[in-house]
Amino acid sequence: MSEGRSIDRGAIWKRFGSPTEQFGSANDPRTQEECGVTWNEKWLYRDPEGHGNDRLVLWNRYDLQGVFTLKPDGSVERDSLTE
């Protein structure tokens, strides 16, 4: 399920700031599957504390597909943006 209807790119940028790394782009026709969603742009935010809890923000075009925490053990947890 896409969360993109209520949260746009500007809101994510304002909340989390500039990503550490970006993969793909909104206009990239190539898609990938990760965290159970299809995306063509990924914003990666490295854990500033260095504990390995990185944040992934996945987009398909301009629609937010989800925000996830990538844990040091490789597991992924979906973040709730409604809190």
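Because the structure is predicted, anything quoted here is derived from the model rather than measured.
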> Given side chains that start at C-beta, do those of Leu64 and Trp59 come closer than 4.5 Å, heavy atoms only?
yes
> Taking only residues at least two apart or on different chains, which pairs with a member in residues 65-74 satisfy salt bridge (Lys or Arg N to Asp or Glu O under 4.0 Å)?
Lys71-Glu77
> Would you indicate whether the side-chain heavy atoms of Pro19 and Trp13 approach each other to under 4.5 Å?
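Contact flag for Trp13/Pro19 side chains = yes.
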> Could you work out, with side chain to side chain donor-acceptor pair (under 3.5 Å) as the rule, every residue matching Glu33, not counting sequence neighbours?
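With sequence neighbours excluded, Glu33 shows a side chain to side chain donor-acceptor pair (under 3.5 Å) to Thr38, given in chain and number order.
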> Kindly indicate whether the side chain of Arg61, heavy atoms from C-beta on, has any atom under 4.5 Å from the side chain of Asn27.
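In short, these two side chains touch, coming nearer than 4.5 Å.
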> Would you check, one step at a time, whether the test side chain to side chain donor-acceptor pair (under 3.5 Å) holds for Asp79 with Thr69?
CA-CA 7 Å; Asp79 289 352; Thr69 299; 2.7 Å; yes
> Going by salt bridge (charged side-chain N to carboxylate O under 4.0 Å, His left out), name the residues that satisfy it together with Glu21, two or more places apart in sequence or in a different chain.
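By the salt bridge (charged side-chain N to carboxylate O under 4.0 Å, His left out) rule, Glu21 matches Arg46.
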> Does a side-chain heavy-atom distance below 4.5 Å link Ser25 with Asn40?
no
> Which residues pass the salt bridge (charged side-chain N to carboxylate O under 4.0 Å, His left out) test with Arg9, not counting sequence neighbours?
Glu41
> Going by salt bridge (charged side-chain N to carboxylate O under 4.0 Å, His left out), name the residues that satisfy it together with Asp28, two or more places apart in sequence or in a different chain.
Arg30
> In the structure I gave you, are the side-chain heavy atoms of Val67 and Ile7 within less than 4.5 Å of one another anywhere?
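In short, these two side chains do not touch, never coming nearer than 4.5 Å.
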> Starting from the C-alpha separation in whole Å, work towards a yes-or-no answer on side chain to side chain contact (heavy atoms under 4.5 Å, CB included) for Asn53 and Leu70.
CA-CA 6 Å; Asn53 293 308; Leu70 178 60; over 6 Å; no
> State the CG-CZ distance between Leu58 and Arg78, to the nearest 0.5 angstrom.
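The distance works out to 8.5 Å.
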> Could you work out, with ring pair (Phe, Tyr, Trp, His ring centres under 6.0 Å) as the rule, every residue matching Phe16, not counting sequence neighbours?
Tyr45
> Mark yes or no for whether Asp54, through its side chain, and Asp47, through its backbone, hold a donor-acceptor pair below 3.5 Å.
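It does hold such a pair.
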> Quick one: which of Gln22, Gln32, Glu34 gives a side chain to side chain donor-acceptor pair (under 3.5 Å) with Lys42?
Glu34
